[in-house]
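Below you'll find the structure, written out as structure tokens, and then a few comments.
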Amino acid sequence: MENTLIKSIYRNTERYLNQEIQISGWVRTLRVSKAFGFIEINDGSFFKGLQVVFEENLPNFQEIAKVNTGSSLIIKGVLVESPGAKQPFELKAQEITIEGDCTSDYPLQKKRHSFEYLRTIAHLRPRTNTFSAVFRLRSLISFAIHKFFQEKGFVYVHTPIITSSDAEGAGEMFHVTTLDLDNIPKTKEGKVDFSEDFFGKETNLTVSGQLNVEAYAMAFRNVYTFGPTFRAENSNTPRHAAEFWMIEPEIAFADLEDNMDLAEEMMKYLIGYALENAPEEMAFFNEFVDKNLLARLENILNSEFVRITYTEAIKLLKEKGESFEFPVEWGLDLQTEHERYLTEKIFQKPVFVTDYPKDIKAFYMRQNDDNKTVAAMDLLVAGVGEIIGGSQREERLDYLEKRMDELGLDKEEYDWYLELRKFGGTRHAGYGLGFERMIMYLSGISNIRDVISFPRTVRNAQF
RNA sequence: UCCUCGAUAGCUCAAUGGUGGAGCAACCGGCUGUUAACCGGUAGGUUGUAGGUUCGAGUCCUACUCGAGGAGCCA
């Protein structure tokens, strides 16, 4: 008999009601009394499960009654309207086959577990309600990102995972090597001899696809990357991981305003997509993770994001007279407490902060006419903080070379990047969206470790 | 990396420096519509590790390990 997915039972109930069907899935919970019992079964196709009623007329009633939570079953029966209040229908079992038994030391119980504990059983936690919702959302939003950019005619570019340049000086990198670490070849000067290494030079895992994708923006106009990124930073926070995914659009013949327009449109598209395509999951987050989630997201869909310059933000923070732990001073980077105050207290919606002092931003950002600031933008959101970082890029070769000299960067290393400015360069801009931070924002989940299937963080690469 | 807090049964947590408990889970039994089912019973512990103080340490001290929150770095 053909297997029916629980999702289609929910979506096309009339088609199955009073019909004989077969389902298969895992036992979430089982309650049994003398002559009958209930099994809550989840088959993975849908956030919600199906209640199965079984009675003692089943030849293996005693056996089924003893089945443990977590076991996998195949059930034939008739779908009927349920007299119970908590579900519209249920499956009256005619035949139950035990596909896979589950031992009694199964760690998932029918009660709430702490996220900390579930992290220690990362191979089992997708079977819980919360993680079922998180990872279905993650899958949907991955698709939505491609849908958004593809429908706008953007070209998806796969930039390399292994790179030979420290793209933007963006922090510590993971070395990639085939050298024998117990016997490292050395040069005459006593340094590691990378000419012996696989690529004949020092290589690392990428920290950003931006520099590479700029080359493709100069050919396809509008492009984006969506792939894994690696940072060997010793950061220990709920918002950082050593391996995470990033979306990096890059647009040609465009400036910082166009960049923010794109980012705002994308954010709203993704929020709308989640609300429309994962209603059960979003309702669950709203009930169990963050009671204000839906109100907040719906509010954002109908409001303009705030756009203020760094200089204005500093002025505003000073005027408010709030006592901060760290000083608010032009030239100093905004601290997390300042960013939160801006987006959570003053404006209560997403805020673009633009035009930061050049000394606290990367070399490739376009210098403004004031000679002090660059055309950078950060998007700050409640709870998560910085979710997007981007800029208009410096397209003027002389300005770019001068800036690299000031910062002591090796122009030889970036020769191909500089050539993009020589050979028909254009104004262009782009940004990086932290994919996991987006999932956190959409779900209300507050730790990045809980939106990555098997998270890699400092001193943790289990599973 | 820095600051703060924490680690006790499988899970979530109690226990004034004086014989370590409860709820849930597990196991056994009961129950004709349950839904974190309910009722009765049984079993379950070198209190994160290593030292120290004390007649006596889960409790006080030191170091370490792991975890959480905050900061920095950023997405």
Side-chain angles (χ1 to χ4, degrees), chain A residues 28-41 48-56 65-66 68-70 80 82-87 90 92 102-121 128-129 168-172 207-210 225 228-248 263 288 324-326 333-340 360-362 378-381 384-390 431-441 446-452 457-460 462:
Chain A
R28 282 290 175 82
T29 169
L30 184 148
R31 300 172 287 278
V32 67
S33 49
K34 192 176 175 185
F36 64 94
F38 300 94
I39 306 170
E40 173 93 23
I41 201 144
K48 292 182 177 174
L50 182 63
Q51 171 162 285
V52 173
V53 189
F54 65 106
E55 296 176 340
E56 61 182 340
K66 285 189 190 304
N68 289 309
T69 303
V80 296
S82 175
K86 294 207 175 180
Q87 61 281 322
E90 63 193 19
K92 206 122 195 146
C102 184
T103 56
S104 66
D105 55 353
Y106 186 56
L108 289 175
Q109 299 168 17
K110 29 188 165 178
K111 67 166 196 171
R112 279 182 98 156
H113 287 290
S114 65
F115 286 162
E116 290 85 358
Y117 172 64
L118 290 171
R119 275 173 220 148
T120 68
I121 48 170
T128 64
N129 285 334
E168 42 181 295
E172 297 296 309
V207 294
S208 164
Q210 182 203 316
T225 72
T229 302
F230 308 88
R231 304 227 175 135
E233 302 278 310
N234 186 13
S235 36
N236 220 315
T237 83
R239 303 182 303 282
H240 291 85
E243 178 181 322
F244 63 99
W245 286 58
M246 191 155 64
I247 294 97
E248 296 178 289
F288 291 103
F324 294 111
E325 192 185 340
F326 294 93
D333 206 353
L334 293 176
Q335 302 289 318
T336 297
E337 57 170 347
H338 307 142
E339 296 181 342
R340 294 187 66 139
I360 57 175
K361 288 292 180 182
D378 284 355
L379 179 62
L380 312 176
V381 297
V384 177
E386 190 179 330
I387 199 167
I388 283 176
Y431 61 84
L433 167 73
F435 181 59
E436 282 79 10
R437 290 185 180 177
M438 189 66 200
I439 303 301
M440 291 166 72
Y441 189 58
S446 58
N447 195 310
I448 199 167
R449 295 171 180 92
D450 298 326
V451 298
I452 300 177
T457 52
V458 185
R459 305 174 71 83
N460 181 22
Q462 218 193 333

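Chain letters run A, B, ... following the sequence lines, proteins first and then strands; every chain starts at 1. Quick caveat: nothing in here was measured; it's all calculated off a predicted structure.
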Exercise for review: Determine whether any donor atom in the side chain of A/Glu337 lies under 3.5 Å from an acceptor atom in the base of B/rG70, or the reverse, and answer yes or no.
Suggested key: no
Exercise for review: Please state whether the phosphate of B/rG69, meaning OP1 or OP2, lies under 4.0 angstrom from any side-chain nitrogen or oxygen of A/Asn447.
Suggested key: yes
Exercise for review: Establish whether the base of B/rC11 is bridged to the side chain of A/His113 by a donor-acceptor pair shorter than 3.5 Å.
Suggested key: no
Point to revise | Near-parallel close stack of A/Phe244 and B/rA75 base (under 5.5 Å, under 30°) | key: yes
Review point. Could A/Asp333 and A/Lys361 be called an ion pair, given the rule that one side-chain N must be under 4.0 Å from one carboxylate O?
Key: no
Review point. So does A/Arg112 reach the base of B/rC11 with its side chain, donor to acceptor, closer than 3.5 Å?
Key: no
Review point. Which nucleotide, in any strand shown, forms a Watson-Crick or G-U wobble pair with B/rC38, with both distances under 3.5 Å?
Key: B/rG30
Exercise for review: Taking only the side-chain heavy atoms of A/Lys110 (C-beta and beyond), determine which of B/rU32, B/rA25, B/rC11 contains the nearest atom.
Suggested key: B/rA25
Point to revise | Pair of N/O donor and acceptor under 3.5 Å linking B/rG10 base with A/Gln109 side chain | key: yes
Check your understanding: Within the modelled atom types, does a donor on one side and an acceptor on the other bring the side chain of A/Glu116 and the base of B/rU12 under 3.5 Å apart?
Key -> no
Review point. Going by modelled atom types, is there a donor-acceptor pair between the base of B/rG33 and the side chain of A/Lys92 at under 3.5 Å?
Key: yes
Exercise for review: Go through the N and O atoms of the side chain of A/Glu55 and the base of B/rU32, and report whether any donor-acceptor pair is under 3.5 Å.
Suggested key: no
